[in-house]
Student: 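Pasting a structure here, questions to come.
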Amino acid sequence: MKQYDIGLDLGTTSIIIATQEQGVVFHQPSIGAVDIRSSTILAVGDKALRMVGRVPSYIDIIRPLRDGIIQDHRMTNELIVRFINEAVSYTHLTLPT
C-alpha cells in the first residue's frame, strides 16, 4: 500500500490540498451550508457556494474562517474531513490507518 504526504492550505476563502507527486489535487471554497433547524451540514465547498442567495431563511451559509482565524470549529472540521475524503477518492491516494 503506497502512502502519500499531503499538504493542506486552510485559507479564509479556499482550501487547497496538494501532494508532492501530483501538486494541487483539490481546490474548493471555504464555505458551508447549515440547516439551522437541525444543525445539519447540508453542503460544503462549491455546492454550498452555488446556494448563496438561493436558500430559504432556515439555511445559513457560513464561512468558518475569518481573517485567517477559525471562527466555527465544527464547520472547519467538516470541511477538512469532507475535502480530504474527496481528494483521496479523486486521486486514489491511500490514507494511513
Side-chain angles (χ1 to χ4, degrees):
M1 170 171 59
K2 188 172 184 175
Q3 295 182 0
Y4 295 89
D5 289 330
I6 65 171
L8 175 71
D9 177 15
L10 187 60
T12 302
T13 57
S14 64
I15 294 177
I16 300 169
I17 299 174
T19 67
Q20 190 171 15
E21 290 183 356
Q22 297 174 319
V24 174
V25 295
F26 193 83
H27 183 235
Q28 292 237 0
S30 304
I31 191 170
V34 178
D35 183 334
I36 58 175
R37 301 171 303 179
S38 62
S39 295
T40 304
I41 297 173
L42 304 173
V44 296
D46 286 333
K47 291 177 184 175
L49 187 61
R50 285 192 296 272
M51 295 171 77
V52 173
R54 298 182 173 142
V55 293
S57 61
Y58 60 86
I59 296 177
D60 273 348
I61 304 297
I62 297 172
R63 289 197 175 269
L65 296 114
R66 286 186 211 109
D67 299 321
I69 299 170
I70 296 173
Q71 301 292 320
D72 185 326
H73 292 277
R74 178 175 170 246
M75 179 61 77
T76 302
N77 181 65
E78 192 67 27
L79 287 172
I80 292 169
V81 169
R82 288 188 187 195
F83 289 166
I84 287 178
N85 285 332
E86 283 188 48
V88 166
S89 68
Y90 290 153
T91 60
H92 307 293
L93 300 176
T94 303
L95 291 177
T97 54

Student: Give me the atom names and distance for the closest heavy-atom approach of A33 to A48.
Tutor: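 Of all heavy-atom pairs spanning A33 and A48, the closest is N-CB, 3.8 Å.
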
Student: Roughly how far, to the nearest 0.5 Å, is CD1 of I41 from CG of D60?
Tutor: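 Rounded to the nearest 0.5 Å, the CG-CD1 separation comes to 12.0 Å.
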
Student: For P64 and S30, which heavy atoms make the closest approach, and how far apart are they?
Tutor: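 Answer, listing the atom of P64 first, then S30: CD-O, 3.6 Å.
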
Student: Kindly state each residue pair satisfying salt bridge (Lys or Arg N to Asp or Glu O under 4.0 Å) with at least one member in residues 67-78, sequence neighbours excluded.
Tutor: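 Non-adjacent pairs meeting salt bridge (Lys or Arg N to Asp or Glu O under 4.0 Å): E78-R82.
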
Student: Any pair with a residue in residues 35-57 that passes salt bridge (Lys or Arg N to Asp or Glu O under 4.0 Å), sequence neighbours left out, goes on the list, sorted by first then second residue, please.
Tutor: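 Every salt bridge (Lys or Arg N to Asp or Glu O under 4.0 Å) pair that includes a residue of residues 35-57, provided the two are not neighbours, is D35-R37.
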
Student: Short question: side chain of N85, backbone of V81 - any donor-acceptor pair under 3.5 Å?
Tutor: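 Yes.
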
Student: Throw together a table of side-chain donor-acceptor distances under 3.5 angstrom for residues 6-17, partners on residues two or more places apart or in other chains.
Tutor:
{"unit_1": "T12", "atom_1": "OG1", "unit_2": "G68", "atom_2": "N", "d": "3.0"}
{"unit_1": "S14", "atom_1": "OG", "unit_2": "H27", "atom_2": "NE2", "d": "3.2"}

Student: Restricting to non-hydrogen atoms, name the atom on A87 and the atom on F26 that form the minimum distance, rounded to 0.1 Å.
Tutor: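 The answer is CB-CB, 4.0 Å.
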
Student: Please tell me whether L42 and I62 are part of a single hydrophobic cluster in this structure, the criterion being side-chain heavy atoms less than 4.5 Å apart.
Tutor: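 L42 does not cluster with I62.
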
Student: Could you state whether V44 and I70 fall into the same hydrophobic cluster, counting links through intermediate Ile, Leu, Val, Met, Phe, Trp or Tyr residues with side-chain heavy atoms under 4.5 angstrom apart?
Tutor: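 Looking at the clustering, I70 is in the same group as V44.
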
Student: Can you hop from I61 to V34 via hydrophobic side chains spaced under 4.5 Å?
Tutor: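 I61 does not cluster with V34.
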
Student: If Ile, Leu, Val, Met, Phe, Trp and Tyr residues are connected whenever their side-chain heavy atoms lie under 4.5 Å apart, and connections chain through other members, are V24 and I80 in the same group?
Tutor: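 No: no chain of side-chain contacts under 4.5 Å links V24 to I80.
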
